[in-house]
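Below is one structure, written out as structure tokens; the observations come after it.
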Amino acid sequence: MLEKQFNPNFLYNGIVHFYIDKKGYSKEKANSIAQIIVKRETQRRICKNELCKHFSHNHIRNGETCLVADCKCIEFTK
């Protein structure tokens with residue numbers, strides 16, 4: 001089973017609108033929070049194997065095999 005591809009723009013927009021609409025934060029504060037969260041989530045979804053560095057959605061079952069043809073990664077490293 002493949003992981004759904006990560007869409008940072010969708011996440012960013014959702015976070016900004018949540019903090020502005022629901023929490024009443026300023027636009028600048030909501031943007032800074034969204035940048036931090038998107039950066040963290042992006043790093044979490046990148047394979048930590050030095051030979052790979054592909055996103056988790058490029059791995060079968062996020063752990064067995066990298067789907068990139070010329071990659072030497074044999075296991076997704078968290």
Side-chain angles (χ1 to χ4, degrees):
M1 184 165 138
L2 296 176
E3 179 179 311
K4 185 177 177 183
Q5 190 165 357
F6 178 60
N7 185 345
N9 293 326
F10 183 74
L11 178 62
Y12 187 90
N13 290 335
I15 293 168
V16 168
H17 286 291
F18 172 78
Y19 277 99
I20 290 173
D21 298 340
K22 303 285 184 187
K23 298 286 188 176
Y25 284 35
S26 69
K27 187 176 181 180
E28 294 77 22
K29 181 68 175 170
N31 279 320
S32 67
I33 292 169
Q35 287 174 0
I36 291 167
I37 293 172
V38 168
K39 183 178 179 181
R40 182 186 66 214
E41 291 300 311
T42 301
Q43 289 300 315
R44 203 182 72 143
R45 287 174 169 82
I46 293 176
C47 184
K48 303 300 184 244
N49 183 339
E50 290 297 322
L51 300 173
C52 184
K53 298 286 186 189
H54 295 117
F55 278 98
S56 59
H57 61 260
N58 285 330
H59 290 78
I60 296 174
R61 291 193 191 145
N62 304 336
E64 294 176 7
T65 306
C66 187
L67 296 173
V68 179
D70 59 349
C71 186
K72 305 283 191 241
C73 182
I74 57 170
E75 184 175 333
F76 182 76
T77 307
K78 293 183 179 184

Do Lys22 side-chain atoms and His17 backbone N/O form a donor-acceptor pair below 3.5 Å?
no

Side-chain donor-acceptor distances from residues 24-32 under 3.5 Å, at least two apart:
| unit_1 | atom_1 | unit_2 | atom_2 | d |
| --- | --- | --- | --- | --- |
| Ser26 | OG | Lys29 | N | 3.2 |
| Asn31 | OD1 | Tyr12 | OH | 2.9 |
| Asn31 | ND2 | Lys27 | O | 3.1 |
| Ser32 | OG | Lys29 | O | 2.8 |

Please, which pairs that meet ring-ring contact (aromatic ring centres under 6.0 Å, His included) have at least one residue in residues 28-51, sequence neighbours excluded?
none

Quick one: pull up CZ in Arg45 and OG1 in Thr42 and give me the separation to the nearest 0.5 Å.
7.5 Å

Distance, nearest 0.5 Å, that separates CZ of Phe18 from CD1 of Ile37:
9.5 Å

Heavy-atom side-chain proximity of Cys47 to Cys73 below 4.5 angstrom:
yes

Distance, nearest 0.5 Å, that separates CD of Gln35 from CZ of Arg40:
13.5 Å

Residues two or more places apart in sequence or in another chain: which of them pass side chain to side chain contact (heavy atoms under 4.5 Å, CB included) with Asn7?
Asn9, Phe10

Looking at every non-hydrogen atom in both residues, tell me the closest pair between Lys53 and Ile46 and how far apart they are.
O-CG2, 3.7 Å

